[in-house]
Every structure is written in C-alpha cells, then in structure tokens.
Amino acid sequence: MDNLEGWKRSHTCGELTAKENGLDVTLMGWVHRRRDHGSLIFIDLRDRYGLTQIVFDPDLIPEKYQTAKDLRGEFVIAARGKVRVRPEGMVNPNIATGTIEVAVADLKILNRAKTPPFEIDGDVEVSEEVRLKYRYLDLRNTSMQKNMLLRHQMYQVVRSYFNRNNFVEVETPILMRSTPEGARDYLVPSRIHNGKFYALPQSPQTYKQILMVAGMDRYFQIVRCFRDEDLRHDRQPEFTQIDVEMSFVEQDDVLEMVENLMADLFKETLGVELQMPVRRLSYQEALETYGSDKPDLRFDMKIVDISSLVQDCEFKVFSGCVKNGGRVCGVALLGGAKYSRKQVDTLTEEMQREGAKGLVAIKVGAEGWDSSLAKFFESEAVTEINESFGVKEGDLLLLVADEKNTALTLAGSLRLKLADRENLISEDKYELCWVLDFPLLEYDEEEKRYGARHHPFTSPMDEDLAILEDNPKEARAKAYDLVLNGYEVAGGSIRIHRRELQDRMFRLLNISEEEAYDKFGFLLDAFEYGAPPHGGIAFGFDRLVMILAREQSIRNVIAFPKTNSALSLMDGSPSSVSDDQLKELGLRVI
RNA sequence: GGGGCCGUGGUGUAGUUGGUUAACACGCCGGCCUGUCAAGCCGGAGAUCGCGAGUUCGAGUCUCGUCGGCCCCGCCA
C-alpha cells in the first residue's frame, strides 16, 4: 500500500474530454469495475463526479502492471498517466468521459477494500435492510449521490433566497423545555438537575415567535426537529424543517414569499417553471372535491355529491343515509366498466378495511345502468346522476354512503386507490396548491374537548372572533398548508400576537391559566413587551426533497435514516448505556 | 397498540401436496485471453433456509412464539 507522497489530484473522474488529449493527469478514486484481459487491464475509476477508464499496458509499465493485477473492487487508488483519445469505434457513449481514457504510467494503491456485500451501481436490487447496514457503501451509489446533491442544491437555493429577501438565519436551542401538546417529545435527562429533562424540539415554534418579539423581523432556519411518533415512508423521528417567520405581515404576504421560493427551487434544481400564482383551495373545497386536506391534483376525478338526487330513491341504503343527515358521494372511473366482479370485490374489501360500510359499483351501459340497483332508481334520476358525474357508456360509478366527513374521506381514499391502480398519475408532474381557511379547532373524541388543529398560537380569522366562544367549531384559522402532489410539504399560520387573545385561546382549549403560564409563560411574558403582528410557515424539507427527487421514500434523501422501528442499522442506535451513565443522571431502567 | 407482505450461499431470487445430492443469476476465487466497457470462455468455493420451540418416521415447506425489514390504520399541536 502506498502513501500520497506529494501526489495531487489534477482532475476528477468526471471531467476529462478530448480537449485534454495528451495531458498528464493524476486521478484518484475507487475501482468501480475491472476488466482484466490477461494482458491489457481496464479499470473504471470512480469518484463522485463520474467514471474514467484507465488502461494498464504490460509493455509500457511491466512493474506497475503487476500491481494492477491485484486491484479489486472498491480499492482506493491514485493513477498518473496521459489522457488519450480512444481508438476509432471504442468510445463509450454511456459515460461523460467516454471519448478518452488514461494510459497509466504510475499507480498507487491508497487503500485496499474487502469485497463489498453488494456491487456499487450493480443491477441486482439490494434490500433496504442491507443498504442501511452498509450505508457508507449505499451512499456510493449514483442514485444516492444524486439525491444528496439535489438536497445540497436545495439548501443553497433556500439560503440564497431568504438571504436575498432580508431574512436572518438564527439557530435555536436543541435542548429545550418539554411542551405539553402535540407529538411525544424526545427527552434528554439533565445531569446537573437530576430528575429534570430537556426535550428536543418538535419545531422551534415558540423560539421563532420570540425572535419576532425581539425585532428580528424576518427569520429562517434549516433546522432539525424531533417527534417521537411512529414512522412512515414520509416520516422520520428526526427530520429537517425550513422554518420561517415574518413580522408585520398578513397571510397573503407569507404565501407570496413561499410561492416565490418554490418557483426558485423548481427552476434552479429541476429547471421546471411552476405555474404561478399557486392554486388556492379552501379546506372545505378540498374536502368536498377531493376528500382530503392534502389533495393530489395531478389527476382530476373529482368527488361528486349525489345526496340530493338519491334522497327519495327506493334504495334505502342511500335514501336512509341522506335522511339521517349523511352523504352519498363517489367518483367515476372512466372506462371502468371493464372491471370484473372480482376486481370490484377486492376494491370493496379494501374500502371496508378503511371503515366503509360498503361500496356501490355501477356500470354505466348504453341504456341506463348495468346494475341490479337500477330498478331502485327512476330513469330521470339515473340520467341526472350520470350527468353530474359526466359519465357515459363504459364508465364505472363508485359510491359510498356515510356520515358526511366519513363519506368524503372514503371517496377521497377511493380516488387515490383508483389513480394508483389505473396509473392515472404521470410521474413527471408537479401540482402545487394551497389549502386555506382551516377550522381553528378540532374535537378530540378521546379527551372530549376541543384542541387546536394547528397549534394554540394560531390566530383565528378576524371575522370569526365574535363566534369563538358561542360556536367554536365554525371558527376558522389564519392557517395554511402547502400541498405538493398529495403531500403536505409546508404548513403555517398567522400567529396571535396579543396577550388577551392568547389567553382567550387557552380558555377555549381548556388550558388553565396556571398550566398555560407554566408551559408557555416565557412566550406570554414576551407578548407583553410589544409583540409585532407576525406569522410564518415551516416546510418538511425531507419530503420536499423526496418529491423533487421522485423518490418513494424519505429515507432515500436522508443520509442516515432510521428504519420503521426507529433503529439505525448502521450504528445500532438506540443502545443500552452503562449503569454508571444512568447513575450519574439519576435514572433507573424499569 | 392493530392489520398486511416478507426473511433461503456475499447480493437478488426459485424451491410442487412435507420426502433423500436446496436450484438459478450476479458477485467472489483460480486459469486462459492485447481493446474491453454489464468483457468473454473454462473451472471452483460458498447456505445447518433469521432465531427458538412444537407437530411428524421426516420440516426451507405446517403451527406457535420471537427478532428484523417494508407498507397501511391509530398516532404525527
């Protein structure tokens, strides 16, 4: 094995072209592929910039040629030699440096490598379990390198954008006070104060509001957040937010600032021009039309409400549901009449697993419906229903009947299922929208009380202040979610900045004065010293990267993610700790 | 907390109603080879089938438990 001994890398493995023909170069990298002809040896040398073919010729370098014989996959080497244009017909169009090769004059083996458990950029797909265990190898794969690079570019666009717009990047504490509501906290025991704990931030919410009181005016931070909840393909216990807060603004000001950031991000990383301004839906509209507060607008298939058309029909499941205040609605699958009985049954079972009482599937025929249900409906009703869905012969109606929100949510989930099954979503599409006018409160069935839908610092709409106490469930919030391809990628609100209104909110949320003061006293105190009107937003950065990278999982855009059971397979966290460590913290494992 | 799918050489898979030497591809090792680029040809090594019980004359295959991976519901102010 050799040391560098003054060798300097002159070029990367991704940049040499015919222009450098005849140049003496020094490349360093990993042995990607080896093609040993027994005489000539070809090596694809890899670094993060690309691949370059280097050639060992025994006639020219008999001694180093013997060393080259020992090279194996993932050895780290340095090679010196002359760039030469490849002979006629031997160009490799698959790599950027395919027109040239480097004729090696001197070689250093900088490090050897064990045979890796999987080939870098190999063609057999490797299980995620193995990839996570050997993450340092997985990250050598081109796809992961691309994702990390995209993520890097997105950091840069974000920083440059906010800097340009007079935002100040401020770091907020990672060790903070545990907050009562919201997700479960990750706790950190205090050594100096045995029995007391810090919490890792679920978000820097209170800090950024205090920064507004502090006159920072415009703040942003790319910040790690922690929530001790179960994982999903788009949720990790530690994740990154782009956290933003602005003073002296109203909702539209925040939305505009965010839209321009999104335009920059798409343009500068993917070269995609987003359509501006971003479409806006009210929460009600989103729910009624798409059965979701994060609608995927990459395909149409709007939900149609036929309650009024079936309220007097003979089919008691429908009419009965409407009479009890429920709703009959559904979606149409164009060309769906080809669905077999079995396919419909499968769909029905899936919907039942999601809580549907049933699923009514009606094939639209040339004359009315090809369905046993047809006999329950007047022909005018059939025509009206067909028209409201805009269906014709060969289409399929899929209907659910239930309590209003349940019916809409089920129809929404049906919509997504069908899109998936029928491949209705083109992969290179990006559909962005705002969801606005959220309800301020949410009834918690378990706790039998209202909770904040967003968080307790979210301002109610001015026009709903009057009904706050009398009709709280109708009150709307100055809250907004940014939705991209069916994912919530950002959410925020205009905050309450006056102590009186904040107190009123706490009363509404059934948080006692003592409790509120105990948990948020510092914020309430701060509000008494001249808090400006302010509002902000926080992006789920990993999700955003995932979508732009066209990845199916957030894990593929995080360098060192946890598994579904919150384990890190590479370093084996979480782990036990020594009794001494526990003792020092005043802890005992029970 | 609940539901679904999965776990077989280093990697990815096959393995029939339970039946004797667990198969294939890639990778790995060795040999041949002066223009390959997913090099090629020939040969070879490598698996107590995640782990533990149980049923059985006999378990990769069936049952239970357990560990691990992925997806979903709950949860995620």
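Everything quoted here is computed from the prediction, not taken from an experiment. Chain identifiers are assigned alphabetically (A, B, ...) following the order of the sequence lines, protein sequences preceding nucleic acid strands; residue numbering begins at 1 within each chain.
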Undergrad: Ion pair present between A:Glu74 and A:Arg140, side-chain N to carboxylate O less than 4.0 angstrom?
TA: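 Between A:Arg140 and A:Glu74 there is a salt bridge, with a charged N closer than 4.0 Å to a carboxylate O.
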Undergrad: With a 4.5 Å heavy-atom cut-off, do A:Thr99 and A:Arg86 have their side chains touching?
TA: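 Side chain of A:Thr99 against side chain of A:Arg86, heavy atoms only: no contact under 4.5 Å found.
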Undergrad: Using 0.5 Å steps for rounding, measure from the CD atom of A:Glu238 to the CG atom of A:Asp228.
TA: 12.0 Å
Undergrad: Please tell me whether A:Asp185 and A:Gln202 have a donor and an acceptor in their side chains that are separated by less than 3.5 angstrom.
TA: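 Their side chains do contain a donor-acceptor pair, which is all the 3.5 Å distance test asks for.
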Undergrad: Would you say that more than 12 heavy atoms from the other residues, nucleotides or ligands in this model lie under 6.0 Å from the NZ of A:Lys562, or not?
TA: yes
Undergrad: Write down the distance between CG (A:Asn556) and P (B:C70), rounded to a whole number of angstrom.
TA: 11 Å
Undergrad: Looking at A:Asp138 and A:Arg135, is any side-chain nitrogen of the basic one under 4.0 Å from a carboxylate oxygen of the acidic one?
TA: yes
Undergrad: With sequence neighbours left out, what residues match A:Asn147 under side-chain hydrogen bond (donor to acceptor under 3.5 Å, both in side chains)?
TA: A:Glu551
Undergrad: Given B:C76, B:C71, B:G69, which nucleotide is nearest the side-chain atoms of A:His233?
TA: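 The listed nucleotide nearest to A:His233's side chain is B:C71.
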Undergrad: Using a 4.0 Å cut-off on protein heavy atoms (strictly under), produce a 5'-to-3' string for nucleotides 43-49 of chain B with B for base contact, S for backbone-only sugar-phosphate contact, and - for none.
TA: -------
Undergrad: Using a heavy-atom cut-off of under 4.0 Å over every strand shown, decide if A:Arg131 touches base, sugar-phosphate, or nothing.
TA: nothing
Undergrad: Between A:Arg555 (CZ) and B:C70 (C1'), how many Å, whole number?
TA: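 In whole Å, B:C70 C1' lies 7 Å from A:Arg555 CZ.
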Undergrad: Quick one: A:Lys69 NZ to B:C29 P, roughly how many Å, whole number?
TA: 13 Å
Undergrad: Mind checking if A:Gln205 touches a base, just sugar-phosphate, or nothing, with heavy atoms under 4.0 Å?
TA: base
Undergrad: With rounding to whole Å, what would you report as the distance between B:C28 and B:A47 at their C1' atoms?
TA: 15 Å
Undergrad: When you check the side-chain N and O atoms of A:Asp121 and A:Thr142, is any donor under 3.5 Å from an acceptor?
TA: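 Yes - a donor-acceptor pair under 3.5 Å links their side chains.
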Undergrad: May I ask you to say whether A:Arg555 pairs ionically with A:Glu128, meaning some side-chain N is under 4.0 Å from a carboxylate O?
TA: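 Looking at A:Arg555 and A:Glu128, the cut-off is met.
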Undergrad: Listing time: all N or O pairs from protein to nucleotides 8-12 of chain B that are below 3.5 Å?
TA:
from: B:G10; atom 1: O2'; to: A:Pro117; atom 2: O; distance (Å): 2.9
from: B:U11; atom 1: O4'; to: A:Pro117; atom 2: O; distance (Å): 3.1
from: B:G12; atom 1: OP1; to: A:Ser127; atom 2: N; distance (Å): 2.8
from: B:G12; atom 1: OP1; to: A:Ser127; atom 2: OG; distance (Å): 2.8

Undergrad: Listed by chain and number, what are the ring-ring contact (aromatic ring centres under 6.0 Å, His included) partners of A:Tyr49, not counting sequence neighbours?
TA: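 None.
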Undergrad: Considering only B:G35, B:G69, B:C76, which nucleotide approaches the side chain of A:Pro87 most closely?
TA: B:G35
Undergrad: Using a 6.0 Å distance limit plus a 45 degree cone around the ring axis, check whether A:Arg415 lies over the aromatic ring of A:Phe299.
TA: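 Checked: cation-pi criterion met.
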Undergrad: A:Thr179 near the nucleic acid: base, sugar-phosphate alone, or nothing, with a heavy-atom cut-off under 4.0 Å?
TA: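 No contact at all - A:Thr179 keeps every heavy atom at 4.0 Å or more from the nucleic acid.
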Undergrad: At 4.0 Å (heavy atoms only), tell me whether A:Arg84 reaches a base, stays on the sugar-phosphate, or touches nothing.
TA: base
Undergrad: Does the side chain of A:Gln552 come under 3.5 Å of the side chain of A:His233 through a donor N or O and an acceptor N or O?
TA: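 No pair is found: no donor N or O on one side chain lies under 3.5 Å from an acceptor on the other.
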Undergrad: Check whether any side-chain heavy atom of A:Val188 lies under 4.5 Å from a side-chain heavy atom of A:Phe197, and answer yes or no.
TA: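 No, too far: nothing below the 4.5 Å cut-off.
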Undergrad: I'd like a table of atom pairs between the protein and nucleotides 3-5 of chain B - only N or O on both sides, under 3.5 Å - with the distance next to each one.
TA:
none

Undergrad: Of A:Arg235 and A:Lys562, whose nearest nucleotide on RNA chain B comes first from the 5' end?
TA: A:Lys562
Undergrad: Looking only at side-chain atoms of A:Ser565, point me to the closest of B:C29, B:C76, B:G69.
TA: B:G69
Undergrad: Thinking salt bridges, do A:Glu350 and A:Lys417 make one under a 4.0 Å N-O criterion?
TA: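 Salt bridge between A:Glu350 and A:Lys417, a charged N being under 4.0 Å from a carboxylate O: yes.
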Undergrad: With no angle test and no hydrogens, is the base of B:C37 tied to the side chain of A:Arg86 by a donor-acceptor pair under 3.5 Å?
TA: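 When only heavy-atom distances are counted, A:Arg86 does reach the base of B:C37 through a donor-acceptor pair under 3.5 Å.
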Undergrad: Whether A:Thr563 contacts B:G69 is assessed here as follows: a side-chain N or O lying under 4.0 Å from the phosphate OP1 or OP2. Is that the case?
TA: yes
Undergrad: How long is the line joining CD of A:Gln202 and C1' of B:C76, in whole Å?
TA: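 In whole Å, B:C76 C1' lies 9 Å from A:Gln202 CD.
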Undergrad: Between B:C70 and A:Asn564, is there an OP1 or OP2 to side-chain N/O distance shorter than 4.0 Å?
TA: yes
Undergrad: Under 3.5 Å between N/O atoms: give me all the protein pairs with nucleotides 38-42 of chain B, atom names plus distance.
TA:
from: B:A38; atom 1: N3; to: A:Asp123; atom 2: OD2; distance (Å): 3.2
from: B:A39; atom 1: OP2; to: A:Arg35; atom 2: NH1; distance (Å): 3.3
from: B:A39; atom 1: N6; to: A:Asp36; atom 2: O; distance (Å): 3.0

Undergrad: Taking the side chain of A:Glu129 as its heavy atoms from C-beta onward, which of B:C71, B:U36, B:G68 lies nearest to it?
TA: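 My answer, after comparing the listed nucleotides, is B:G68.
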Undergrad: Given atom CG of A:Leu231 and atom P of B:C72, what is their separation to the nearest angstrom?
TA: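 Nearest whole value for this atom pair: 11 Å.
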Undergrad: Using a cut-off of 4.0 Å on non-hydrogen atoms, how would the nucleic acid contact of A:Glu101 be classed: base, sugar-phosphate, or nothing?
TA: base
Undergrad: Does B:C75 have OP1 or OP2 sitting under 4.0 Å from an N or O in the side chain of A:Arg232?
TA: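 Answer no for this pair, as no side-chain N or O of A:Arg232 is under 4.0 Å from OP1 or OP2.
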Undergrad: Looking only at side chains, do A:Gln221 and A:Tyr219 share a donor and an acceptor under 3.5 Å apart?
TA: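 Side-chain D/A pair, A:Gln221 to A:Tyr219: present.
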Undergrad: Closest nucleotide of RNA chain B for A:Leu567 versus for A:Val55: which of these residues is on the 5' side?
TA: A:Val55
